[in-house]
Every structure is written in structure tokens, then in C-alpha cells.
Amino acid sequence: MSRVIYVNGRYQPYAKAAVHAEDRGFQFADAVYEVIEVSGGKLVDARRHLERLARSLGEISMPMPMSEGALRQIMSETLRRNRVRDGLIYIQVTRGAAPRDFALPGPDVPQSVIVLARRQVRAASDALAEEGIAIMTMRDPRWARSDIKTVMLLPAVLAKAEAKRQGAREVWFTDENGAVTEGGSSNAWIVTPSGKIVTRALDNRILPGITRASAMDTARHLQLQLEERAFTLKEAYEAAEAFITSATNTVMPVVRIDDRLIGSGRPGPVARQLRHAFHHIAEISAL
Ligand code: PMP
């Protein structure tokens, strides 16, 4: 539980932390965000996350609301005030509050900045990784710019709710060619029967996952074979292994996709190896 949340220059008690009713993040999802893993009080891959934040902002014609140094200082203070050692930092930047109008407000309207920290028990994720998770699949219902990390998450919210109803932890979306794009809130990976690790190459249909980038570094470090290309749902059904990556899951094995067991139906050795080595390779930075 967050005890205080940074909102527009102030550390506010959790129950009182609020943005304006006409905030454009609230009215138009005119906002972007980042989620950064916190491990042992340190940020995992902060540099890459802040670079992606700057990119997402640029793609929707918003400037960085403050210097990277100032943002890091706020993240550090938010972690300290919430006494988070293992968990996550969430940052949201919106185009600010202004009378509702599709037209973009002028530069005089200050952006909103929210930073919160939350504890997450690592043991829970490790226990889940021992069992592996199930995936449900569906046609990708999202817009054509899923490479921008906007808060416009309703399609993913509804898809993940449907997955949960069907006993799956995550959803994988497929494109018009029957290829997997990515997960509802994660990147999608398979290991082929010949042992190649495959994940879709970056395009505008997927988020350039930071954990994806560091998992690729990890695979290279372990001298595993890696291919960045689209894979079909059929290939996924017949894969030796599958897994997802995200900042809150790191590398999470997948043991079932729809009604097909993947491989032996147990987490596979490649996913286990990547999960185990991940934190040794990802950049872990003090703030
Ligand atoms: N794809 C989507 C759609 C996501 O929401 C996320 C997590 N925010 C990811 C991929 C994984 O990205 P990351 O590794 O940076 O957490």
C-alpha cells in the first residue's frame, strides 16, 4: 500500500492524493506512464525506462515535465517515504488540467506528474514462476500505436478480465496474419522445438518492453540463440517453451496457451535460466 503519493509538486497522503476533475489524463487518456521495478531499494533499468518515457512523451508532442535528475529525486523520495525496498515505481505524466476541449491546451497549462511506490512481495512472483501461468488469446483490439505507453488501457483491462474469467493470467493478442503481437501487459516469447528464443521485432503494434530489452541482453550473455521476428499462434501452440516479460514479472514461464499445454506443461529450462540470470544482467541503479 502506498502511504504517500507525489502529485504535482506535493507528497500527499494516500487518501487525499488527487488530480483535477478536468485533468486530460482522466478525460482523454491524454497521458503516458512508466512502471519501474524496485529491487533491494534500487531501480531496475531506470535509464531505459526514463528514455522510453521521453520517447512516449515525444510521440504525443509533450515535453518532459522536468529534468531527469529532478524526476529521479522524486522517485527516490517517494520510495523513501513509502519504505519500499521491493516493488515498483509508477510514474504518470498527463497534458494537465484544462476546460474539456479536444484541441491541445497552450504551453501555459502545466503538465500533471504523479509518482507512486508500491511494495510487491518477490516470493509471490517466484512461487508463480515455479508453476507457470496460462494464457488466453484473442485478436488485438487496440489502436495502431501500441508502441506508445499511454494510459489508454481499456482494451487491455477488458481483455485481461476475460482471460481471468477463463482461468488465464494473461492474454496474448494476435494480428491479422495470425501472428502474436504481445501480451495485455507484457511482451510475448516462445522457444522453438530447435531451441531458438523468438520474440516479435519492434514495430508499432507492440510496446518496446524494457524487460524485453534486458531479457535479450541476458539471452545473449548466456549465449542462447535469439531471433527477433513475428511468430504465429500455431507456432506458439507447438513451442517447446513460452514465457512473458514485464517489469513486474521479469521473466514468467507460460505453461498453457488456450487449451494447449506448452512443452511438458511445466516451466521450461530456458525461461528458468533467463529468470534466474535476469537481475545479474539488468542495470540496477541507485537513484
Ligand atoms: N507490453 C505491454 C502492452 C505492457 O503493458 C507492458 C508492461 N507495461 C509490457 C509490454 C512490458 O514492458 P516492460 O518490460 O517495460 O514492463
Side-chain angles (χ1 to χ4, degrees), residues 29 31-39 43-57 59 75 87-93 114 116-118 120 125 129 133 135-164 168-175 179-190 197 199-219 228 230-231 242-254 271 274-275 278-279 281-285:
V32 298
Y33 75 109
E34 277 297 325
V35 176
I36 307 178
E37 186 196 3
V38 179
S39 178
L43 294 181
V44 180
D45 284 326
R47 188 179 45 86
R48 279 177 161 161
H49 280 282
L50 293 178
E51 277 169 16
R52 186 175 63 185
L53 177 64
R55 177 188 181 271
S56 295
L57 285 164
E59 291 296 312
M75 291 196 285
L88 61 88
I89 282 264
Y90 173 90
I91 306 168
Q92 184 178 149
V93 181
I114 291 100
L116 68 82
R118 178 154 296 155
Q120 253 195 351
S125 172
I133 62 165
I135 298 288
M136 184 202 88
T137 65
M138 67 160 74
R139 266 299 287 273
D140 198 330
R142 304 170 306 164
W143 74 329
R145 290 303 309 275
S146 296
D147 57 311
I148 309 172
K149 198 163 172 62
T150 80
V151 300
M152 198 171 58
L153 293 170
L154 185 58
V157 165
L158 297 179
K160 284 171 79 87
E162 179 58 25
K164 190 172 179 189
R169 187 112 190 161
E170 178 60 303
V171 59
W172 278 8
F173 298 132
T174 54
D175 66 16
V180 173
T181 56
E182 63 175 339
S185 57
S186 58
N187 288 105
W189 305 65
I190 57 168
I197 301 173
T199 194
R200 188 179 177 105
L202 296 183
D203 61 16
N204 60 5
R205 304 294 290 273
I206 70 170
L207 189 76
I210 302 305
T211 319
R212 174 188 179 281
S214 292
M216 285 175 55
D217 290 346
T218 309
E228 268 184 282
F231 60 86
F243 58 94
I244 61 168
T245 55
S246 76
T248 49
N249 284 293
T250 67
V251 177
M252 181 60 70
V254 166
L274 286 174
R275 183 179 174 89
F278 180 81
H279 280 126
I281 305 297
E283 187 180 303
I284 315 280
S285 62

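Keep in mind the model is a prediction, meaning the values are calculated, not measured. Counting starts at 1 for both ligands and their atoms, in listed order.
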> Can we say R145 and D147 salt-bridge, meaning some charged N sits less than 4.0 Å from an Asp/Glu carboxylate O?
Replying inline: yes
> For the atom pair CG (L274) and OG (S214), what is the distance rounded to the nearest 0.5 Å?
Replying inline: 11.5 Å
> If you measure from the Lys or Arg side-chain nitrogens to the Asp or Glu carboxylate oxygens, is any gap between R205 and D203 under 4.0 Å?
Replying inline: no
> ring pair (Phe, Tyr, Trp, His ring centres under 6.0 Å) with F278: which residues, sequence neighbours excluded?
Replying inline: none
> Do we see a donor-acceptor contact under 3.5 Å between the side chains of S186 and E170?
Replying inline: yes
Name each N or O atom in ligand 1 that is under 3.5 Å from a protein N or O, and give the partner atom and the distance.
| from | atom 1 | to | atom 2 | distance (Å) |
| --- | --- | --- | --- | --- |
| ligand 1 | 1 (N) | E182 | OE1 | 2.6 |
| ligand 1 | 8 (N) | K149 | NZ | 2.4 |
| ligand 1 | 14 (O) | I210 | N | 3.4 |
| ligand 1 | 14 (O) | T211 | N | 2.9 |
| ligand 1 | 14 (O) | T211 | OG1 | 2.6 |
| ligand 1 | 15 (O) | R52 | NH1 | 2.8 |
| ligand 1 | 15 (O) | R52 | NH2 | 2.9 |
| ligand 1 | 15 (O) | I210 | N | 2.9 |
| ligand 1 | 16 (O) | A247 | N | 2.8 |

> Any idea which heavy atoms bring R169 and I133 closest together, and the distance?
Replying inline: CB-CB, 3.9 Å
